[in-house]
> 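Below is the structure I would like to discuss, written out as structure tokens.
In this chain, numbering begins with 1 at the start of the sequence shown.
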Amino acid sequence: SIGAYFCDRHPELVDDVLAESEAIENVGLERWAQREGAGIEAAFQTLVTGLAVRYFKAVAGTPS
């Protein structure tokens, strides 16, 4: 799973990617990308990674 891989390889970034993906959900993909000076593709990848990490943590039973 993407979430497991990300948590194993980048444990120091887990909280950041979760916060960023939540912000994307709240403000929308395009508006978040504009606000952060990022492309839509990068914003989408951040969103998907955050969702995958959240799913992995839920299945593994680890706190967010």
> Can you spot which of Cys7, Ser21, Ser1 makes a side chain to side chain contact (heavy atoms under 4.5 Å, CB included) with Val53?
Cys7
> Could you tell me the separation between the OG1 atom of Thr49 and the CZ atom of Phe56, rounded to the nearest 0.5 Å?
14.0 Å
> Could you give me the CA-CA distance, side-chain angles and deciding distance for Val14 and Lys57, then say whether side chain to side chain contact (heavy atoms under 4.5 Å, CB included) is met?
CA-CA 10 Å; Val14 168; Lys57 290 172 91 46; 4.3 Å; yes
> Hydrophobic clustering (ILVMFWY, side-chain heavy atoms < 4.5 Å, transitive) - are Val27 and Val48 grouped together?
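Linked, Val48 and Val27 end up in one cluster.
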> Is the CD1 atom of Ile2 crowded by more than 12 outside heavy atoms at less than 6.0 Å?
no
> Which residue, Leu18, Asn26, Ile24, forms the side chain to side chain contact (heavy atoms under 4.5 Å, CB included) with Glu22?
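Only one option passes, and that is Asn26.
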> Atom CH2 in Trp32, atom OG1 in Thr46: separation rounded to 0.5 Å?
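Reported to 0.5 Å precision, the distance equals 4.5 Å.
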> Group every Ile, Leu, Val, Met, Phe, Trp and Tyr by side-chain heavy-atom contacts under 4.5 Å, then state whether Leu29 and Leu51 land in the same group.
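Yes, because Leu29 and Leu51 connect within a single hydrophobic cluster, where side-chain heavy atoms sit under 4.5 Å apart.
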> Does the pair Glu25/Arg54 count as a salt bridge with the N-to-O cut at 4.0 Å?
yes
> Tell me whether Arg35 at atom CZ has more than 12 heavy atoms from other residues, nucleotides or ligands lying less than 6.0 Å away.
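Yes, because the 6.0 Å sphere around CZ of Arg35 holds more than 12 heavy atoms from other groups.
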